[in-house]
Amino acid sequence: TLQQYKDLMGANELSLLIGKGALTTHFQPIVNLRDGDIYGYESLARGVNDDGSLVYPDKLFNWAKQGDMLFYLDRACRETSLKTAAVKNIKNKVFINFIPTAIYDPEHCLQSTVKWAKQLEFDPKNIIFEVTETEQVEDVEHLSKILSFYKSQGFMVALDDVGSGYSSLNMIARLKPDIVKIDREIIDGIDTNTVNQSVFKAIITLAKESGIIVLAEGAERAEEVAYCAANGAD
């Protein structure tokens, strides 16, 4: 069918990008609200076409899903993040996304990522592996095994998009991450939105009781930043 043909072409494009190493990483700063210093960087994957134009993650991961290549793209993005951070001589913490459904056996699937981290001489505590699509995780036990493997290698782990799904607080309690990232939809307008404030405070309370660092994502206005700083975000 036409859709199958489009899926095949997308998978072929992705295969070519990965094969010739045409992935790159951009770094978005994460700021410490206490002193204004840069705490770390979130790594953002991009594909690079021959003409220099960028291919954004939504397209990359759609191609990967269509062509059953999610594992290969996820691994390539993790390794590219590490290599680019080393080239840029980044000494702060680096947040690297991963999709848990792309990892069937942590020890086998993640060995090359661990190898590159060690080979590039990163301090493990400066690498934070961040679970994306948290609200879509059905097998929490499997995710727990992945996070335990990362922790056993000395890395930190983070949960992304906390607050966007009904099970977020339960996930925090069960998985005990080092960092939680409050979803940007909760942060948007939080200085005036009382419902969002209630969700925010519930996450803060649970996190602080468990010694978890709280990161507020997507604060675009000074008022949002001020509210987050005054009410417990790190």
Side-chain angles (χ1 to χ4, degrees), residues 1-30 40-90 93-122 126-139 142-143 146 149-150 153 155 157-158 160-161 181 184 217-218:
T1 66
L2 179 59
Q3 186 58 50
Q4 287 173 319
Y5 177 76
K6 287 181 178 178
D7 291 350
L8 183 63
M9 290 300 97
N12 186 55
E13 284 285 325
L14 178 60
S15 183
L16 290 172
L17 283 173
I18 294 175
K20 60 188 178 184
L23 294 176
T24 190
T25 304
H26 293 180
F27 295 97
Q28 179 167 297
I30 296 168
Y41 296 89
E42 177 159 16
S43 54
L44 307 169
R46 302 287 186 265
V48 184
N49 290 316
D50 290 340
D51 63 1
S53 62
L54 297 177
V55 185
Y56 288 88
D58 54 346
K59 182 173 282 189
L60 290 173
F61 282 91
N62 277 336
W63 285 346
K65 288 173 183 174
Q66 292 160 3
D68 196 23
M69 296 177 63
L70 204 53
F71 166 75
Y72 300 102
L73 176 60
D74 197 52
R75 181 178 65 183
C77 288
R78 291 195 306 270
E79 293 176 6
T80 300
S81 294
L82 289 168
K83 293 173 186 176
T84 310
V87 169
K88 299 293 184 183
N89 198 30
I90 293 176
K93 294 186 184 298
V94 178
F95 287 66
I96 299 175
N97 295 331
F98 76 93
I99 298 176
T101 50
I103 298 168
Y104 53 88
D105 173 20
E107 196 154 347
H108 173 73
C109 294
L110 301 175
Q111 61 181 343
S112 63
T113 305
V114 172
K115 181 199 77 173
W116 277 110
K118 290 179 177 176
Q119 193 167 314
L120 294 168
E121 298 183 346
F122 280 104
N126 280 343
I127 302 295
I128 299 162
F129 287 105
E130 174 183 332
V131 186
T132 59
E133 300 184 354
T134 307
E135 75 281 5
Q136 296 178 23
V137 173
E138 294 179 359
D139 189 346
H142 177 61
L143 176 55
I146 297 172
F149 176 79
Y150 276 134
Q153 300 299 310
F155 303 114
V157 297
D160 196 12
D161 301 329
K181 302 178 73 177
R184 63 184 306 157
E217 279 199 293

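Looking at D51, its side chain does come within 3.5 Å of a backbone N or O of S53 through a donor-acceptor pair. For S15 (side chain) and A11 (main-chain N/O), no donor-acceptor pair under 3.5 Å exists by modelled atom type.
Considering every non-hydrogen atom in both F98 and D74, the closest pair reads CA-OD1, 3.6 Å. Taking all atoms of both residues into account, the shortest heavy-atom contact from A85 to F27 is N-CZ, 3.7 Å. The heavy-atom pair separating S43 from F95 by the smallest distance is OG-O, 2.6 Å. The two residues E79 and S112 have their closest heavy-atom pair at OE2-OG, 2.5 Å. Residues G47 and L60 share a closest heavy-atom pair of N-CD1, 3.7 Å. Of all non-hydrogen atoms in I30 and Y41, the two that sit nearest each other are CD1-C, 4.1 Å.
Rounding to the nearest 0.5 Å gives a distance of 12.0 Å between CD of E13 and CD of Q66. One finds the CZ atom of R78 at 10.0 Å from the CG atom of L73 (value rounded to the nearest 0.5 Å). Atom CG of N12 and atom CE of M69 lie 9.0 Å apart (nearest 0.5 Å). Here CD1 of I128 is found 8.5 Å from CD of E130. Values are rounded to the nearest 0.5 Å. In this structure, I146 CD1 and I99 CD1 are separated by 11.0 Å, a value rounded to the nearest 0.5 Å. Here CD1 of I96 is found 11.5 Å from CG of L44. Values are rounded to the nearest 0.5 Å.
Other residues, nucleotides and ligands contribute only 12 or fewer heavy atoms inside 6.0 Å of the OH atom of Y72. For K59, the NZ atom is loosely surrounded, since the number of other residues' heavy atoms within 6.0 Å does not exceed 12. Atom CG of D68 has 12 or fewer heavy atoms from other residues, nucleotides or ligands within 6.0 Å.
Considering only heavy atoms from C-beta on, E42 comes within 4.5 Å of N97 through its side chain. The closest side-chain heavy-atom distance from W63 to V55 is below 4.5 Å. Between Q153 and T113, every side-chain heavy-atom pair lies at or beyond the 4.5 Å cut-off.
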- Walk me through it: do I18 and R75 pass the test side-chain contact (heavy atoms from CB on, under 4.5 Å)? CA-CA 10 Å; I18 294 175; R75 181 178 65 183; over 6 Å; no
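Residue L23 is tested with V48, T84, L14, T80 for a side chain to side chain contact (heavy atoms under 4.5 Å, CB included); the sole match is T80. Of the candidates V87, I127, V94, T25, L82 forms a side chain to side chain contact (heavy atoms under 4.5 Å, CB included) with just one, namely I127.
Remark: D105 engages E107, H108 in a side-chain contact (heavy atoms from CB on, under 4.5 Å) (not counting sequence neighbours).
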